[in-house]
Visitor: 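The structure that follows is given in the form of structure tokens.
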Amino acid sequence: MRWSQAFIPTLRDDPTDAEAASHRLLVRGGYMRQLMSGVYSLLPLGYRVRSKVITIIREELNAIGGQELLLPALHPREIWEQTGRAESMADILFTLSDLRGGDAILGPTHEEIFATVATELTSYKQLPQLWYQIQTKFRDEARPKSGLLRVREFTMKDSYSFDVDDAGLDQQFDRHFAAYTRIFERLGVTAVAVEASSGAMGGSDSIEFIVPSPAGEDDIAHCPACGYAANVERASSTIPSFHDEPGPDQPERFPTPGVHTIVDLEEFEGGASAERQIKTLVYVLDGEPTLVLLRGDHELHEQKLQDGTGAIDIRPGQPDEIRELLGADAGSLGAVGVTGPRILADLQLADRSNMVTGANLDDHHLRGVDVGRDIAVTEWLDLRTVAAGEGCPQCGEPLEVFRGIEAGHIFKLGTKFSKALGATVLNADGVPVPLVMGSYGIGVERNMAAAVEMNHDDTGIIWPVSIAPYEVVITAVKVDDEATMTVANRLYDDLNEAGIDVLIDDRNERPGVKFNDAELIGIPYRVTVGPRGLASDIVELADRCTGEKSELQIEAAAQELVRIVTRAR
RNA sequence: CGGGACGUAGCGCAGCUUGGUAGCGCGCAUCGUUCGGGACGAUGAGGUCGCCGGUUCAAAUCCGGCCGUCCCGACCA
């Protein structure tokens, strides 16, 4: 491509509304433009990167036996009602109606539709099957952000596996794990595999691939010693057990005027340290008020609450709901003697005694509470948020917590969707069994952004060769110098012929402008052709990643570049 | 959905307090001089001041409503 003919609208200034590095650089480098919140147009450079990402994904999926197909983005609402997700995912569904008055949904993911197609499978002999597509998803995110990292319309590679039993699913899951590992390697992003919550997907097991980055939105608990890694939505940890002094035979109520928080009670004369307090929260789970208990210094993780209870709709109770339920305001709540609502308690409260909690009477608390004796716990769950420094659940060494971008997610779905939609086959015994499904997703544009987050500097993007829009840029220093253009054009032709993606900067601009643009858009190799080098029969090679410069003999330049680029791919 | 900020030329911004001809830098076009790390001079083109309504002789500016965008939080694959 000749830069003079290309549409590469680079900007001198950073766009003000772009915070994340990938957002800022992709806009400034002329890769994309925003159309509306969370919706972007990919310009020629952006489209080239996207195509390369897709090619890599496609190659790796084909390598594990995936069959590519294409399903609609427009779905009838009824199918989504059959699995209950019209309701459970309602807040992110784009919905529309057609001329017949029917309701339609723009697909946010495709489990329902793949399962529908899979109803045509009839025998275990046809299994396993692995189908995938590379297709546009629509999710009406409450808060799109950070350019391509969190958008409302995006391309996803989603694959779905169908097996007759769990053993088959496990195999397909493991194959995807390996394929994903190769994909991220080839994309030039380091992704860490972590245990994750399945969220709205349901199913038994799921693994996220997380690219460490402060621009991400997921917190990962990681053990440097043994390699344990889990999203905090799911991570557990060990903490020292707490030794309780013996307490009274029954709880004692005492006045605590003005005490409304854990900290207040710690500082209150006759109060207790946070470790000795029981925090009582009121949540409404699918319309049902529920008490949630944790140790005073522990934070609830709502995803754990949702996963642990299977609730679809989950929210903190309103002040009036709390008062109606317990007869007191937040700050004086407790579960002692409460019998109506469900009481969910964090595991760390088990066997604790002589603790302090609210008395369900404003400005009063109870001391000497023995959890097992005094509170009618309905269910014990892991509800607390893991914190850095706590013990690894596998080896006990201190955990680290880091931020990252969810670059991919693979799920063992089980039979949730096949049962709901009637996708069954006959097994070897002639008995109809629901297909055992897995689903596996990678966000294409999100991975482009993740690659930029990981690979950039002050002057611009540093693309991995594998997904760079062009592998080589030839910078012709002086376009009205005949010798320069002869050499530059010949090199351009030779590289093109050798199958190298090459861009020649033949614009009539000053060299500084060209160098800066080349670095901004992040082409891995820049070859400078100009009178200065030509005088000694050389062109200059600059490596965008290392910053190193070297000289190439003109006659050997094309061959040498082909060798370098081919090796780096 | 809660909190905060912003909307004026392709991009980055000033002007608004105190109402009166819409400005600056970059970019763009033409010409000239330049040319190995974002040149210089000259001459130009380009704007329903987010939208609707109100006040006023007069609104980018004051008032009301709406829309849009970003950031923090909540939520989310």
Visitor: Looking for any heavy atom pair under 4.0 Å, which part of the strands does A/Met36 touch: base, sugar-phosphate only, or nothing?
Guide: sugar-phosphate

Visitor: By the 4.0 Å heavy-atom rule, please label A/Glu302 as base, sugar-phosphate, or nothing.
Guide: sugar-phosphate

Visitor: Grab the CE-P distance between A/Met89 and B/C75 for me, whole Å please.
Guide: 17 Å

Visitor: Reckon A/Thr10 touches a base, only the sugar-phosphate, or nothing at all at heavy-atom distances under 4.0 Å?
Guide: nothing

Visitor: Could you work out the separation of B/G12 and B/G27 based on their C1' atoms and round it to a whole Å?
Guide: 11 Å

Visitor: Suppose you measure atom C1' in B/G2 against the same atom in B/C16; what distance do you get, rounded to whole Å?
Guide: 29 Å

Visitor: Taking side chain to side chain contact (heavy atoms under 4.5 Å, CB included) as the criterion, tell me which of A/Leu149, A/Val194, A/Asp218 meets it with A/Glu406.
Guide: A/Asp218

Visitor: Taking atom C1' in both B/A42 and B/A5, compute the distance separating them and give it to the nearest angstrom.
Guide: 41 Å

Visitor: For A/Pro15 and A/Gly147, take the nucleotide of RNA chain B holding the closest heavy atom to each; which residue's nucleotide lies nearer the 5' end?
Guide: A/Pro15

Visitor: Nearest whole Å is fine: how far is B/A74 P from A/Gln306 CD?
Guide: 15 Å

Visitor: Report the C-alpha distance between A/Phe154 and A/Leu148 in whole Å, list the side-chain angles of each, state the deciding distance to 0.1 Å, and finish with yes or no for side-chain contact (heavy atoms from CB on, under 4.5 Å).
Guide: CA-CA 8 Å; A/Phe154 62 99; A/Leu148 294 183; over 6 Å; no

Visitor: I'd like the P distance from B/G15 over to B/U8, given in whole Å.
Guide: 14 Å

Visitor: To the nearest angstrom, how far is A/Arg510 atom CZ from B/U33 atom P?
Guide: 15 Å

Visitor: Using atom P in both nucleotides, what's the gap between B/A9 and B/C49 to the nearest angstrom?
Guide: 10 Å

Visitor: Consider the side chain of A/Glu540, meaning its heavy atoms from C-beta on, and name the nucleotide among B/U69, B/G36, B/G37 that approaches it most closely.
Guide: B/G36

Visitor: In whole Å, what is the span from the CD atom of A/Glu19 to the C1' atom of B/A5?
Guide: 12 Å

Visitor: Salt bridge or not between A/Asp457 and A/Arg544? Use side-chain N to carboxylate O under 4.0 Å.
Guide: yes

Visitor: Output, in order, the C-alpha distance, side-chain angles, deciding distance and verdict of salt bridge (Lys or Arg N to Asp or Glu O under 4.0 Å) for A/Glu68 and A/Lys157.
Guide: CA-CA 10 Å; A/Glu68 186 168 2; A/Lys157 184 289 298 172; over 6 Å; no

Visitor: Run A/Phe209 and A/Phe184 through ring pair (Phe, Tyr, Trp, His ring centres under 6.0 Å) and show every step you take.
Guide: CA-CA 9 Å; A/Phe209 291 83; A/Phe184 294 120; 5.4 Å; yes

Visitor: For B/G36, does the base pair up with any side-chain atom of A/Lys549 as donor and acceptor (N or O, under 3.5 Å, distance only)?
Guide: no

Visitor: Assess the residue pair A/Arg526 and A/Lys549 against the criterion (side-chain contact (heavy atoms from CB on, under 4.5 Å)); give the C-alpha distance rounded to whole Å, side-chain angles, the decisive distance to 0.1 Å, and a yes or no.
Guide: CA-CA 9 Å; A/Arg526 184 186 81 217; A/Lys549 292 183 177 170; 4.1 Å; yes

Visitor: Charged N to carboxylate O below 4.0 Å: is that the case for A/Arg446 and A/Glu453?
Guide: no

Visitor: I'd like to know if A/Glu195 and A/Arg234 make a salt bridge, using a cut-off of under 4.0 Å between side-chain N and carboxylate O.
Guide: yes

Visitor: Is A/Thr16 near enough to B/C13 that one of its side-chain N or O atoms lies under 4.0 angstrom from OP1 or OP2?
Guide: yes

Visitor: Expressed as a whole number of angstroms, how long is the span from A/Ile8:CD1 to B/G38:C1'?
Guide: 17 Å

Visitor: Distance between the P atoms of B/C31 and B/A14, in whole angstroms?
Guide: 35 Å

Visitor: Test A/Ile521 against A/Tyr470 for side-chain contact (heavy atoms from CB on, under 4.5 Å), laying out the working first.
Guide: CA-CA 10 Å; A/Ile521 71 173; A/Tyr470 292 96; 5.8 Å; no

Visitor: P atom, B/G64 versus B/U48: distance in rounded Å?
Guide: 27 Å

Visitor: In this structure, how many angstroms lie between the C1' atom of B/C70 and the CG atom of A/Asp17, rounded?
Guide: 6 Å

Visitor: What nucleotide among B/C35, B/C71, B/G37 has an atom nearest to a side-chain atom of A/Asp480?
Guide: B/C35

Visitor: Name the nucleic acid region contacted by A/Lys145, choosing base, sugar-phosphate or nothing; use a 4.0 angstrom heavy-atom cut-off, strictly under.
Guide: sugar-phosphate

Visitor: Distance check: side-chain N/O of A/Ser37 vs OP1/OP2 of B/G68, anything under 4.0 Å?
Guide: no

Visitor: Under 4.0 Å from any atom of RNA chain B, heavy atoms only: list the residues of residues 524-537 of chain A that qualify, in numerical order.
Guide: A/Arg526, A/Thr528, A/Gly530, A/Pro531, A/Arg532, A/Gly533

Visitor: Kindly state each residue pair satisfying side chain to side chain donor-acceptor pair (under 3.5 Å) with at least one member in residues 472-482 of chain A, sequence neighbours excluded.
Guide: A/Asp481-A/Thr484

Visitor: Output one letter per nucleotide in nucleotides 22-31 of chain B: B when a protein non-hydrogen atom lies under 4.0 Å from the base, S when only the sugar-phosphate is that close, - when neither is.
Guide: ---BSS----

Visitor: Mind running side-chain contact (heavy atoms from CB on, under 4.5 Å) on A/Glu87 and A/Trp80 for me, showing each step along the way?
Guide: CA-CA 8 Å; A/Glu87 190 189 346; A/Trp80 284 80; over 6 Å; no

Visitor: For A/Lys478 and for A/Ala20, locate the closest nucleotide of RNA chain B by heavy-atom distance; then report the residue assigned to the nucleotide nearer the 5' terminus.
Guide: A/Lys478

Visitor: Quick check for you: among B/C35, B/G38, B/C71, whose closest atom lies nearest to any side-chain atom of A/Asp517?
Guide: B/G38

Visitor: Taking pairing as Watson-Crick or G-U wobble with both contacts under 3.5 Å, can you name the mate of B/G64, or confirm there isn't one?
Guide: B/C52

Visitor: Tell me the interatomic distance from A/Asp219, atom CG, to B/G73, atom P, rounded to whole angstroms.
Guide: 10 Å

Visitor: Any salt bridge between A/Glu217 and A/Arg143, counting N to O under 4.0 Å?
Guide: no

Visitor: Is the distance from OP1 or OP2 of B/C70 to the nearest side-chain N or O of A/Gln34 less than 4.0 Å?
Guide: yes

Visitor: Is the phosphate of B/C72 approached by A/Arg143 (side-chain N or O, under 4.0 Å from OP1 or OP2)?
Guide: yes

Visitor: Separation of A/Arg152 atom CZ from B/U69 atom P, in whole Å?
Guide: 7 Å

